[in-house]
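See structure below.
Throughout, protein chains are lettered first and strands after them, A, B, ... in sequence-line order, and every chain is numbered starting at 1.
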Protein chains: 2
Amino acid sequence: MHKLNPSLSVDCVIFGLDTNEQSLKILVYEREIFPIEGSGNKNLKFPGSLVIEDEDLDESAYRILNELTGLKNVYLKQFSAFGKPDRIKFDEEREWSEKHYGIKINRVVTIAYYALIRIDKHNPEQKQIKDKLRWINIDNASNLAFDHSHILSVALETLRRDLIFQSAISLELLPKKFTLNHLQSLYEIILGNKLDKRNFRKKIAKAGYIVPIGEKQTGVAHKPAMLYRFDKRKFNKNNEGIATFFI
Amino acid sequence: MHKLNPSLSVDCVIFGLDTNEQSLKILVYEREIFPIEGSGNKNLKFPGSLVIEDEDLDESAYRILNELTGLKNVYLKQFSAFGKPDRIKFDEEREWSEKHYGIKINRVVTIAYYALIRIDKHNPEQKQIKDKLRWINIDNASNLAFDHSHILSVALETLRRDLIFQSAISLELLPKKFTLNHLQSLYEIILGNKLDKRNFRKKIAKAGYIVPIGEKQTGVAHKPAMLYRFDKRKFNKNNEGIATFFI
DNA sequence: TTAATTAGTGTAAATAAAACACTAACAAAA
DNA sequence: TTTTGTTAGTGTTTTATTTACACTAATTAA
């Protein structure tokens, strides 16, 4: 059995794009410690756990993500540490944590990661990994457990900035083959505003690493769109792995 | 006496601008554990310490910075956590740490902050706070203690990005009154490339929050330059506290 | 008086950003 | 089979931004 460090945890803010609802969602874990009524979202928290002694933080994040949600091979990035001594505010929270981990908890500093995944591909409910996981809309995510609402707001800020200055991460949220409207819609959902279709396409074209695969959508009740893919080789060659189409 | 958390530390990468040498420096702490010859910079580390139980991380960073260097009221920003289990690689390092803190150390995750200070104003040697502190040029900072070389490279990346996308932080490194050439020189030193003087000034003018104070330099053996200051009111009004002149 | 040094200024050309509306292709419904 | 609804796809003009570039001015030191 691995020994847990009682001062250190990792939390994962898992973002998923709901292309039907045109909304950005997060995957949260539902506990049952506060009464159902009137407790707001206090029973919802991000998947997270204490880290094992002698475990690398990044590995810890991957392990926790996989154990709690079954997710693998996802884009995961550390974005901040949260360490207010009163992060765990309620006695019930402390009790829950101690029962949950089976060790005495003091003050816990959490290292927060965000993950980008495709809801259609990685729906944990479909995979019946845990029946306690739920996707919720970020607009309904106020008043989460611990300081998780604060963590969410920092995560969102970071995601939006990364999406602009490091555009390639957007592709984590799309299938291998996608249409330019899918990509544009992703930006609109995450950034929260509309973009001009023609200007958007000009930028994509200039970036050069998003290329048509010569196939079209099928089965859609409208003009089928050309499918595109991410060309890693072109990306690396022109952008040294960092660049962006700076929406 | 405060109890230290044996798993958690804070390290401060303190950047200072040397305007004479036209170089960016960091403030490091010199230990004596490895033989002087052949140990490279392995005796040099960033000011840092274990955090006290029940101490906020940001407060911890300010406390540590003040205790170790005498510095106060400096710009300090958390930029990453480092948690590889083998961060403390040599037995000597572990021994040093245990002797230094007086407690048994296991694996330590460090939360890293960077600070920006004016060397002329805050020279710890002048203030005889510690005789073990030294400014070293970032170009001579390879092979530091622990994983501190890696921490430095992440800190530098972050600083450069922040300087571009959050330009106002540059003013932390300058005196209240400065010339536009000082400001430009700061950018050139930190970003490591030359900028066009006229284009630079156009951007500053457009930003609007760097204003002339109607005074000129004195005692210089060349045409004296106009002195400028940062206008906080204009900055907040136009930029909501974030903006930048995007060099 | 001269030399050395940094301060300060404008313009033209190229590039990028923004605003804007119609036709094309498909499935479903009539 | 025709019509309807829906999304795909395309260029141009205007405006703003970026880039490249070189000389005169003011001071102290020699």
Side-chain angles (χ1 to χ4, degrees), chain A residues 17-22 163-165 167 174-175 177-189 191-229 238-239 243-247, chain B residues 17-22 163-165 167 174-175 177-189 191 193-208 210-229 238-239 243-247:
Chain A
L17 201 67
D18 188 321
T19 42
N20 299 322
E21 284 188 30
Q22 296 273 304
L163 196 64
I164 292 174
F165 296 121
S167 314
L174 292 175
K177 305 172 179 186
F178 53 86
T179 72
L180 294 185
N181 281 13
H182 289 152
L183 184 59
Q184 181 176 344
S185 171
L186 181 159
Y187 271 84
E188 292 177 338
I189 292 168
L191 299 181
N193 53 32
K194 290 281 168 194
L195 299 169
D196 181 276
K197 191 200 277 198
R198 287 186 273 202
N199 295 337
F200 183 84
R201 284 165 186 244
K202 265 179 269 179
K203 298 229 184 172
I204 301 300
K206 191 152 65 82
Y209 52 80
I210 301 215
V211 297
I213 59 179
E215 247 178 84
K216 290 189 173 182
Q217 277 183 313
T218 53
V220 287
H222 53 76
K223 177 173 177 179
M226 176 61 74
L227 293 167
Y228 287 74
R229 69 179 174 84
N238 301 329
N239 303 293
T244 105
F245 27 88
F246 265 76
I247 298 305
Chain B
L17 200 68
D18 188 322
T19 42
N20 299 323
E21 284 188 31
Q22 296 273 303
L163 197 63
I164 292 173
F165 296 122
S167 313
L174 292 175
K177 304 173 180 184
F178 53 86
T179 72
L180 294 185
N181 281 14
H182 288 153
L183 184 59
Q184 181 176 344
S185 171
L186 181 158
Y187 271 84
E188 293 178 337
I189 293 168
L191 300 181
N193 53 30
K194 290 282 168 193
L195 299 170
D196 182 275
K197 191 199 276 199
R198 287 185 274 200
N199 295 337
F200 183 84
R201 284 164 188 245
K202 264 181 271 179
K203 297 229 184 173
I204 301 301
K206 191 152 66 80
I210 300 213
V211 297
I213 58 179
E215 248 177 84
K216 290 191 173 182
Q217 277 182 314
T218 52
V220 286
H222 53 75
K223 178 173 174 178
M226 177 60 75
L227 292 168
Y228 286 74
R229 67 178 176 83
N238 301 329
N239 303 293
T244 107
F245 28 89
F246 266 76
I247 297 305

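Here the side chains of B/Phe178 and B/Ser185 are not in contact, with every heavy-atom distance at 4.5 Å or above. Between B/Leu191 and B/Ile164, the closest side-chain pair of non-hydrogen atoms falls below 4.5 Å. In this structure, the side chains of B/His222 and B/Gln217 come closer than 4.5 Å at one or more pairs of heavy atoms.
Checked against salt bridge (Lys or Arg N to Asp or Glu O under 4.0 Å), B/Arg201 has no partners two or more places apart in sequence or in another chain. With sequence neighbours excluded, the residues that form a salt bridge (Lys or Arg N to Asp or Glu O under 4.0 Å) with A/Lys177 are A/Glu215. Annotation: salt bridge (Lys or Arg N to Asp or Glu O under 4.0 Å) contacts of B/Asp196 (sequence neighbours excluded): none. With sequence neighbours left out, the salt bridge (Lys or Arg N to Asp or Glu O under 4.0 Å) criterion links B/Lys216 to no other residue.
Between the C1' atom of C/dC20 and the CZ atom of A/Phe200 lies a distance of 18 Å, rounded to the nearest Å. Between B/Leu183 atom CG and C/dG8 atom P there is a gap of 13 Å when expressed in whole angstrom units. The NZ atom of B/Lys203 sits 8 Å away from the C1' atom of D/dT17 (whole-angstrom rounding). Atom P of nucleotide C/dT6 and atom CD of B/Glu188 are separated by 13 Å, given to the nearest angstrom. Separating the CD1 atom of B/Ile210 from the P atom of C/dG8 is a distance of 14 Å, rounded to the nearest angstrom. Atom P of nucleotide C/dA18 and atom NZ of A/Lys194 are separated by 18 Å, given to the nearest angstrom. Distance, B/Gln184 CD to C/dG8 P: 11 Å, rounded to whole Å. The distance between atom NZ of B/Lys197 and atom P of C/dG10, rounded to the nearest whole Å, is 14 Å.
Taking only side-chain atoms of A/Arg201, from C-beta outward, the nucleotide of C/dC20, D/dG9, D/dC21 with the closest atom is D/dG9. Relative to the side chain of A/Asn199, the nucleotides C/dG8, C/dC20, C/dA17 differ in distance, and C/dC20 lies closest. In the set D/dT17, C/dC20, C/dG8, the nucleotide with an atom closest to the side chain of B/Lys206 is D/dT17. In this structure, of D/dG9, D/dA22, D/dT10, it is D/dG9 that holds the atom nearest to the side chain of A/Ala225.
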Within the 4.0 Å limit for protein heavy atoms, which parts of nucleotides 22-30 of chain C are touched? Write it as a string from 5' to 3', B for base, S for sugar-phosphate only, - for none.
--BBBS---
Pick out the pairs of N or O atoms, protein on one side and nucleotides 13-15 of chain D on the other, that lie under 3.5 Å.
none

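Rounding to the nearest 0.5 Å places CZ of A/Phe200 at 7.0 Å from CG of A/Leu180.
On a pure distance criterion of 3.5 Å, a polar donor-acceptor pair joins the side chain of A/Arg198 and the base of C/dA21.
Minimum heavy-atom separation, B/Tyr187 to B/Leu195: CB-CD1, 3.6 Å.
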